[in-house]
**Student:** 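There's a structure below that I have some questions on.
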Protein chains: 2
Amino acid sequence: MRASGDLSYPPAAVTVDLVILTIRDDDLAVLLVRRSIPPFPGKLALPGGFVGPDESLAEAAARELTEETGLIANLEPDADDGTPGSQVHLEQLASYGDPGRDSRLRVVTVAYLALAPGLPVPHAGSDAADASWQSATALLAGPPDELAFDHNKILADGIERARSKLEYTPLATAFCPPEFTVGQLRRVYEIVWGTSLDPRNFHRKVTGTPGFLIEVGDSTVGDRGRPARLYRTGDATQLHPPLLRTTSDPAEAEGG
Amino acid sequence: MRASGDLSYPPAAVTVDLVILTIRDDDLAVLLVRRSIPPFPGKLALPGGFVGPDESLAEAAARELTEETGLIANLEPDADDGTPGSQVHLEQLASYGDPGRDSRLRVVTVAYLALAPGLPVPHAGSDAADASWQSATALLAGPPDELAFDHNKILADGIERARSKLEYTPLATAFCPPEFTVGQLRRVYEIVWGTSLDPRNFHRKVTGTPGFLIEVGDSTVGDRGRPARLYRTGDATQLHPPLLRTTSDPAEAEGG
DNA sequence: CCAAAAGTGTTCATTTTACACCCATGT
DNA sequence: ACATGGGTGTAAAATGAACACTTTTGG
């Protein structure tokens, strides 16, 4: 049923919505904005907005990310110039376009997933009037209509994507600062997966996978215990074989 | 930058495009249509069309699939009523919306991936004036602008999705008839991955994974060799641990 | 009989898992 | 000294890869 000649088509608006995840206070957190206008006034929602006429979808998502957090996204995982925001990961998640998901007009939204290191910024953007970090795990467990539109579903899909990608990609490092210890990386896995992992075997696994971690030589001034080596993310884009989330008691890594 | 009050938004059209894959003549094939109107007149393209005002994205994709192939898609993998088309798999792939990808107007397309068993129908739909099966692997290896729009990229993404999902889901059965042998299933893996797999170890792996295959008791009348047991797809949605595509000579499974 | 495909058994290498044990620091 | 987290060694268990071998058909 491609248009045959004329250019009439059902009118629609295209937006991008962002699932921006980070680790805060030993919990997985998502950046949400409080809506001030209908529909769903007063409700929390994922940050997002219309795709501009001359923007690609990814550019629109990166622009929204910068507006909300001040971070610069890493659309292609190659550049490593050491700038603070350069390791922020941004990838397309999925599109959502059920008729009636926005009462005003037909809106198709392309959701993007962003993973950022722990940020002390509650909201830094110019436009984000009322942005805040919320517990993503609490929202997952709560009522399915706690967020505006179908954003509970989008958030659930984003968390599931993040959880599964930790298994077979080095994506967990996106939650870490540019230089990090194996222990910090392990805590990311434990928090995102809600499991606890054996520190010894985890250490051997990640340091033994070629290209996953690059030792930076130095050591941290430890909070407690022996100082740990620092690493940067390596060149590897896949983990073969993957890390499996099948260890220990699922409840042990909850909260903090 | 959510709209604040007024409802003005950059105008755009939303379409669905389908990557319909099947196995034909020991090769991975994709259903393409020949365009008759600009842009890209005469070029091959993925089948697709506008999303109707009251359709969800998945419904639009399912409608296009039926129009092009006569098949009924399986949006949620639960119903198993035995109808011929019920095992066709349809899932959202990704969205593509670079400005200028369609010279006429801003078009954002939501691509869907469909996997169907070997079909004797070159084209069966009412609207598909000029649909045909083409070698997907040949298109992957060919020039990157052989198809209209950005459809080479969409096709490549669809093939990559299919290849990786064979590893950790029972999706390969979507390429098989309702009842199939282990050998048929193995040939699917070999063709899609372009590798050759050890028949003995493959057999043990798939029959040993709980919920993957259900023995249907009977045996085929064999072409050659010992008759094989017949199986249906089981309830399992994930394969733990996954099948890995790291066996034997990559060239051996080519062509036929 | 022979070729071909199905299916089982077995062996060896690798990986995972569990856990004992030492290292280096703060208090 | 002791608690805490970092890191190595190692043995048992599970898994994967390679392949010998039997079964059952068609020609």
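Just so it is clear: chains get the letters A, B, ... in the order the sequence lines come, proteins before strands, and each one is counted from 1.
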**Student:** Separation of B/Leu239 atom CG from D/dT15 atom C1', in whole Å?
**Tutor:** 15 Å
**Student:** Using 4.0 Å as the upper bound for N to carboxylate O, is an ion pair formed by A/Glu215 and A/Arg232?
**Tutor:** no
**Student:** Rounding to an integer number of Å, can you tell me how far B/Leu185 CG sits from C/dA6 P?
**Tutor:**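 So the CG-P distance, B/Leu185 to C/dA6, works out to 12 Å.
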**Student:** Within the 4.5 Å heavy-atom criterion, are B/Leu155 and B/Leu140 side-chain neighbours or not?
**Tutor:** no
**Student:** Salt bridge between A/Arg161 and A/Asp157, side-chain N to carboxylate O under 4.0 Å?
**Tutor:** no
**Student:** B/Asp25 side chain to B/Asp27 main-chain N or O, any donor-acceptor pair under 3.5 Å?
**Tutor:** no
**Student:** Grab the CD-P distance between A/Gln184 and D/dT4 for me, whole Å please.
**Tutor:** 19 Å
**Student:** I need the residues from residues 166-175 of chain A with at least one non-hydrogen atom less than 4.0 Å from DNA chain D; give them sorted by number, or say none.
**Tutor:** none
**Student:** In this structure, how many angstroms lie between the P atom of D/dT15 and the NZ atom of B/Lys205, rounded?
**Tutor:** 9 Å
**Student:** Looking only at the side chains, is there a donor atom on one of A/Glu64 and A/Thr66 sitting less than 3.5 Å from an acceptor on the other?
**Tutor:**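 There is no such pair between these side chains.
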**Student:** Strictly under 3.5 Å: I want the nitrogen or oxygen pairs between protein and nucleotides 7-9 of chain C, one per line.
**Tutor:**
residue: C/dG7; atom: OP1; partner: B/Arg229; partner atom: N; Å: 2.8
residue: C/dG7; atom: OP2; partner: B/His203; partner atom: NE2; Å: 3.4
residue: C/dG7; atom: O5'; partner: B/His203; partner atom: NE2; Å: 3.3
residue: C/dG9; atom: N7; partner: B/Arg204; partner atom: NH1; Å: 3.1
residue: C/dG9; atom: O6; partner: B/Arg204; partner atom: NH2; Å: 2.9

**Student:** Compute the centroid of each ring, for A/Tyr189 and then for A/Phe202, and state whether the two points are separated by less than 6.0 Å.
**Tutor:**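 A/Tyr189 vs A/Phe202: aromatic centres under 6.0 Å.
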**Student:** At what distance, to the nearest 0.5 angstrom, does CD1 of B/Ile159 lie from OG1 of B/Thr137?
**Tutor:**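 Nearest 0.5 Å value for the CD1-OG1 distance: 7.5 Å.
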**Student:** Do B/Glu68 side-chain atoms and B/Leu65 backbone N/O form a donor-acceptor pair below 3.5 Å?
**Tutor:**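 No; zero donor-acceptor contacts below 3.5 Å.
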**Student:** Which whole-number value in Å describes the distance from A/Asp198 CG to D/dG9 C1'?
**Tutor:**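 For the pair A/Asp198 CG and D/dG9 C1', the rounded distance is 13 Å.
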**Student:** For B/Arg186 and C/dA5, what is the distance between atoms CZ and C1' respectively, to the nearest whole Å?
**Tutor:**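 These atoms are roughly 8 Å apart.
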**Student:** Calculate the interatomic distance between A/Glu215 atom CD and D/dG7 atom C1'; express it in whole Å.
**Tutor:**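 About 12 Å, once rounded to whole Å.
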**Student:** Please check the phosphate of C/dC2 (OP1 and OP2 only) for any side-chain N or O of B/Arg224 closer than 4.0 Å.
**Tutor:**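 No, B/Arg224 has no side-chain N/O under 4.0 Å of OP1/OP2 on C/dC2.
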**Student:** Is the backbone of B/Ala138 close enough, under 3.5 Å, to the side chain of B/Ser135 for a donor and an acceptor to pair up by distance?
**Tutor:**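 Looks like yes, one N/O pair under 3.5 Å.
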**Student:** Taking atom P of D/dA17 as reference, at what distance in whole Å does atom NE2 of A/His240 sit?
**Tutor:** 11 Å
